[in-house]
Amino acid sequence: ESNIVLDVRAARLGSRYVLLLGDDLTDSQRLDDVRRDFIANISHELKTPIASVGLLAEAIDMAADEPAQVRRFTHRLTQESARLARITQDIIDLSRLQSQDVLSKPDLVSVDEIVAAAVDQNRVVAEARDIVLAVRNKSRAEVLGDESLLVMAVNNLIANAINYSLPGTRVGVGVKSTDGAVEIAVTDQGVGIPEEDLDRVFERFFRVDEARSRNTGGTGLGLSIVKHAVQNHGGDVRVWSQSGRGSTFTIRLPEAPIDAVKAEKDPQ
Ligand code: ADP
């Protein structure tokens, strides 16, 4: 899936670092195919919950005299509408990532803050599922980019780690910087991913186990969003996993160059 419409690179211009938005995809036919595929996939994903909402509304209407039935149907109606909301939000996130101006004015962002925000967003769910969420270390590294997108990327990885783990296990989030890059690793002791599916998990709408993912509320878009967000920052995301043992997803981002950090802290 090399359909990255937006290719953002950190490039040095004079003494300032800017993010260049480049369109790598010169082949407009390929772009058309990608769009058509995407729309076909979205339509397919939306059809089921929309049909369910209609059917459930009818069922509620017919069961009006039986409160227990009505409650059962309204419960399912709530679930289906939540699912529609999730899919819609994911699609909005993805299209935001593909709009040209997303990183035209990058900010200097602290990686520790990104990680802390993403961890906070997952604390309640982790606790509810009896999963220990542990941040292993801090880096004090800074990157150039869009804080909310990066929080969203790390948040997606942590949410997946929790989602595909069993109660009583541990999800670790570690940060380390090495030679101009910073790595954020999210490790779980969950179900893992079969080797033959490893390079497909970043594809839109791909799920290892469709039924399971649907049941746990998955849309199949999360990792695709992560990949785009990270690539837009000149970074990448990798996965290591073993079926039945667990997974580690690692985001690598270029660290903000020292003079960008100085300029921010000490504006002339
Ligand atoms: P979903 O919304 O289905 O979780 P994602 O794009 O986030 O979609 O992930 C795609 C698929 O990759 C998931 O359906 C799941 O099968 C697999 N996956 C993602 N993260 C993990 C993980 N931490 N452990 C095991 N499987 C995972």
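Read the numbers this way: they start at 1 and go in the same order the structure lists the ligands and their atoms. Hydrogens, waters and symmetry mates are skipped; everything else that's a heavy atom, side chains included, is used.
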- [ ] Using side-chain contact (heavy atoms from CB on, under 4.5 Å) as the criterion, point out the one residue from Leu157, Val239, Val237 that pairs with Leu223.
- [x] Leu157
Task: Polar atom proximity, Asn163 to ligand 1 (N or O, under 3.5 Å) - done: no
- [ ] Please list all pairs passing the salt bridge (charged side-chain N to carboxylate O under 4.0 Å, His left out) test where one or both residues lie in residues 113-125, with sequence neighbours left out.
- [x] Asp120-Arg123
TODO: Give a yes/no on ligand 1: does Phe202 have at least one heavy atom closer than 4.0 angstrom to it?
DONE: no
Open item on the list: Is there a polar contact, in the sense of an N or O pair closer than 3.5 Å, between Tyr164 and ligand 1?
Closed with: yes
Task: Option of least heavy-atom distance to atom 1 (P) of ligand 1 (set: Gly222, Ala159, Gly220) - done: Gly220
Open item on the list: Under a 3.5 Å threshold, yes or no: a donor from one side chain and an acceptor from the other, between Arg76 and Gln79?
Closed with: no
Open item on the list: My understanding is that only one of Ile91, Asp90, Ile87 makes a side-chain contact (heavy atoms from CB on, under 4.5 Å) with Ile42; could you say which?
Closed with: Ile91
TODO: Please could you name the atoms of ligand 1 that Ala161 approaches to less than 4.0 Å, counting only its heavy atoms?
DONE: 23 (N)
Open item on the list: One thing to verify: whether Arg207 and Glu45 come together as a salt bridge, which I'm taking to mean a side-chain N less than 4.0 angstrom from a carboxylate O.
Closed with: yes
TODO: Would you mind running through ligand 1 and noting each atom that sits below 4.0 Å from a heavy atom of Phe206?
DONE: 10 (C), 11 (C)
Open item on the list: With salt bridge (charged side-chain N to carboxylate O under 4.0 Å, His left out) as the rule and sequence neighbours excluded, what pairs involving residues 50-67 come up?
Closed with: none
Open item on the list: Test of understanding: given a 4.0 Å heavy-atom threshold, classify the contact between Leu223 and ligand 1 as side chain, backbone, both, or neither.
Closed with: both
Open item on the list: Under a 4.0 angstrom heavy-atom cut-off, which atoms of ligand 1 come close to Val201?
Closed with: 10 (C), 12 (O)
Open item on the list: Can you tell me if Gly190 contacts ligand 1 (heavy atom of the residue under 4.0 Å from the ligand)?
Closed with: no
- [ ] Pick, from Asn160, Leu221, Asp197, Val171, the option with the minimum heavy-atom distance to atom 20 (N) of ligand 1.
- [x] Asn160
Open item on the list: Other residues, nucleotides and ligands only: do more than 12 of their heavy atoms fall within 6.0 Å of CD on Glu127?
Closed with: no
